[in-house]
Amino acid sequence: MDQAPPRGEFVEETTELALAEKSKLVKSLSRLDMIGFTVCALVGLDTLGTVASNGAQGFTWLIVLAVVFVLPYALAMAEVGSAFTQEGGPYEWAKMAFGRFQGAIAAVLYWVTNPLWVGGSLAFIATEAWNDNIFKIHAGGAGDYLFKFLFIWFSIGVAIVSLKRGKWIPNLGALMRVVLLGLFTLTTIIYAIKHGAAGFAVKDLKPTGVVFFALVPLLLFNYVGFELQNGAAEEMEDPQKDVPLAIVRSGITGVLLYAIPIFAILVVLPAEKVTGIGGFLDAVKETFSVYGGASSFLLGVMTICFVGTLLTSGAVWMIGSDRILAVAAYDGAFPGFFGVFNRKFGTPVRVNTMSGIFATIFMVVAVAAFNGGQNSKFVVVLDIAISTTLISYLWVFPAVIKLRYTHGHVYRPYRIPGDKAGMWVAAGLTTFWTALGSFVAVFPGVLESLFGISYDFHDTWGVSRTTFEVLTLGTLAVVFGIAIVGYWLGRDVRERVAIIPLEPGGDVAAPAALT
């Protein structure tokens, strides 16, 4: 039996602003909606080509991490996500485990990735796909800016509208992924029967350290997202029952939607022909030749669907991460101005708008000052900005362990198998992998040198190690600075305290009287 925590741990301290804003939340997420939401969060088609470009080893590591990372990750999030069902899940877990200030850092790290990801890689990949297969967009011209601007603000618009209506976009995105990747896989089989396949030798599946260190951050970034739905936990119809089931079903779907098409790409195209954005759409172009005169039309349809999946990826992460930052704000861990939910939509419009502005500025700077996003310094900054998501999990996963001890009285509809030992294994493995991925992202080449693996830094990144680390550590310093200043600015909200009991044998109870 878990030891009962001290009496003070039977309550959660929050704020008057939090209680006022929670009243605007409307329950509208069903179990099916949550599965669609999480599939959209997990499956990003923007990285399929990059993983496949590493050859058969890319597929090997994809499957290995599905076992040693995705499985324990799913178990850990199923427990904590169904037990602690407050809006803004990851922030609340980190706060209850380590304190409000630590929760503030985790929330900002978790949030900041997404506007930069949407305004950076997603917008640029979508533009390139459209330019290559629909109609030409002059790089740096008015059309280039307009396309990227519309891409960004469509994602923001989905996050702004009420979840009751906006949830249909992630649902459509999940369905689009299944149809798109299913049709591609079927066409690959037809192509292989008709023309043969490039294939690969079984020995090519043998893993090596070089590919492992190159892919770890990318594969981990691909696989995260189980907890994102808990950003809207108080808008779920029945989170205690639905969170574990949604995680299991979306996890299996997500792994299959990565593994099957990447395997198909490797079968159709030699690894040396698979690079970045070209990986998936080049394979589509190659295989869809089996449809003869209809191939150009079908390629256009697939490209539109591809851009649609990128849009829904950005939208669903905006929906979840913006709520997490807004919850931190109404709890006094970020300026209270950003903790206000719109009464009409029930969404954090102020954070949504800030995310859109950040994404737009990042996009404009990339197009105007960094050679349309191809400049090596821009790639470095974008890489570390994206990796802040991985760093944020260094608060989320240890919180699973801490909460089992400090909040053992809180009812857990689902527990990780193996009691505390199983919990330590699951949360320990996920913490290890994210720590490794974060270190490799911030200090590439260090572990390779330690293990005697050849690594040419300049050839890999296009800049010197000194330039890389200045950009990397400088970007992280800015992010942490935002979190610290934001926490300081939230002090007035924190002073208006309210208490929410966490009752033994149940989940979050009704709020106590304001104090």
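Just so it is clear, the values below take in all heavy atoms, side chains as well, and ignore hydrogens, waters and symmetry mates.
What you find for P239 and P244 is that their closest heavy atoms are O-CD, 4.1 Å. Pairing each heavy atom of T431 with each of L394, the nearest pair is O-CD2, 4.0 Å. Residues L42 and G225 approach most closely at CD2-N, 4.1 Å, considering heavy atoms. Of all the heavy atoms in A259 and I63, the pair that sits closest is CB-CD1, 3.9 Å. Residues W153 and T353 approach most closely at CH2-O, 3.9 Å, considering heavy atoms. When all heavy atoms are compared, the tightest approach of P348 to A326 is CB-CB, 3.5 Å.
For the pairing with V80, the side chain to side chain contact (heavy atoms under 4.5 Å, CB included) check across V396, V400, T85 returns one residue only, V400. For the pairing with E128, the side chain to side chain contact (heavy atoms under 4.5 Å, CB included) check across D132, N131, I125 returns one residue only, D132. Among T309, T253, T312, the single residue meeting the side-chain hydrogen bond (donor to acceptor under 3.5 Å, both in side chains) criterion with R177 is T312. When K167, K164, K27, R323 are each tested for a salt bridge (charged side-chain N to carboxylate O under 4.0 Å, His left out) with E235, only one passes: R323.
Using a 4.5 Å heavy-atom threshold, the side chains of T127 and D144 count as touching. Inter-residue side-chain proximity for Y393 and E227 is flagged as met; some heavy-atom pair is nearer than 4.5 Å. The side-chain heavy atoms of E286 and Y191, taken from C-beta on, include a pair separated by under 4.5 Å. Two residues are said to be in side-chain contact when any heavy atoms from C-beta on lie closer than 4.5 Å; T347 and V161 fail this criterion. Within the 4.5 Å cutoff, no side-chain heavy atoms of W168 are placed close to those of L172. Proximity of L310 to F151: side-chain heavy atoms (C-beta onward) are separated by under 4.5 Å at one or more points. Between F345 and L163, every side-chain heavy-atom pair lies at or beyond the 4.5 Å cut-off. Residues M236 and V243 meet the side-chain proximity criterion, which asks for heavy atoms closer than 4.5 Å.
In this structure, I260 CD1 and T188 OG1 are separated by 11.0 Å, a value rounded to the nearest 0.5 Å. Here S438 contributes atom OG and L220 contributes atom CG; the two are 8.5 Å apart, rounded to the nearest 0.5 Å. Expressed to the nearest 0.5 Å, how far CG of L183 lies from SG of C305 amounts to 9.0 Å. Distance check: N171 CG to C40 SG gives 8.0 Å after rounding to the nearest 0.5 Å. One finds the CD1 atom of I189 at 10.5 Å from the CZ atom of F184 (value rounded to the nearest 0.5 Å). In this structure, the separation between OG1 on T467 and NE2 on H458 is 8.0 Å, given to the nearest 0.5 Å.
With hydrogens and angles ignored, the 3.5 Å screen pairs a side-chain donor or acceptor of Y258 with a backbone N or O of G44. Counting only distance, with no hydrogens or angles, the side chain of E448 and the backbone of G445 share a donor-acceptor pair below 3.5 Å. Put simply, the side chain of T113 never gets that close to the backbone of Y110: no donor and acceptor are under 3.5 Å apart. Remark: side-chain polar atoms of Y73 are paired, donor with acceptor, to backbone N or O of F226 under 3.5 angstrom. Remark: side-chain polar atoms of Q229 are not paired, donor with acceptor, to backbone N or O of T38 under 3.5 angstrom. With T472 contributing its side chain and V442 its backbone, the two residues share no donor-acceptor pair below 3.5 Å. No donor-acceptor pair under 3.5 Å is formed between the side chain of N352 and the backbone N or O of I156. N222 places no side-chain N or O within 3.5 Å of a backbone atom of L219 that could act as its donor or acceptor partner. The backbone N or O of P207 sits nowhere less than 3.5 Å from a side-chain atom of W61 that would complete a donor-acceptor pair. Of the possible donor and acceptor atoms, none in the side chain of T434 sits under 3.5 Å from a partner among the backbone N and O of L390.
In this structure, Y455 and F457 have perpendicular ring planes: the angle between them is above 60°, well past the 30° mark. Classified by interplanar angle (parallel below 30°, tilted 30° to 60°, perpendicular above 60°), the ring pair F288/Y291 is perpendicular. The aromatic rings of F212 and W433 sit perpendicular to each other, their planes meeting at more than 60°, with 30° as the lower class boundary.
Counted within 6.0 Å of CZ on F358, heavy atoms from surrounding residues, nucleotides or ligands total 12 or fewer; the atom is thus considered open. Sparse packing is recorded around CZ of R165, with 12 or fewer heavy atoms of other residues, nucleotides or ligands lying under 6.0 Å away. In the displayed structure, F263 atom CZ is contacted under 6.0 Å by at most 12 heavy atoms of other residues, nucleotides or ligands.
Centroid-to-centroid, the aromatic rings of W130 and F306 stay 6.0 Å apart or farther. Ring centroid separation for the pair F149 and Y145 does not come in under the 6.0 Å cut-off.
If you check the side chains of T389 and W117, you find no donor sitting under 3.5 Å from an acceptor. Judged purely by distance below 3.5 Å, without hydrogens or angles, the side chains of Q57 and T208 pair a donor atom with an acceptor atom.
Residues meeting the side chain to side chain donor-acceptor pair (under 3.5 Å) test with S321, sequence neighbours left out: N114.
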message: Would L62 and I262 count as a side-chain contact (heavy atoms from CB on, under 4.5 Å) here? Give the steps.
response: CA-CA 9 Å; L62 186 81; I262 285 177; 4.1 Å; yes
message: One pair to check against side-chain contact (heavy atoms from CB on, under 4.5 Å): S155 and W317. What are the steps and the verdict?
response: CA-CA 9 Å; S155 298; W317 276 95; over 6 Å; no
task: Step by step, work out the side-chain contact (heavy atoms from CB on, under 4.5 Å) result for K206 and T60.
output: CA-CA 8 Å; K206 183 179 179 181; T60 298; over 6 Å; no
task: Might you work through the side-chain contact (heavy atoms from CB on, under 4.5 Å) test for D322 and M354, ending with a clear yes or no?
output: CA-CA 9 Å; D322 284 359; M354 178 173 66; over 6 Å; no
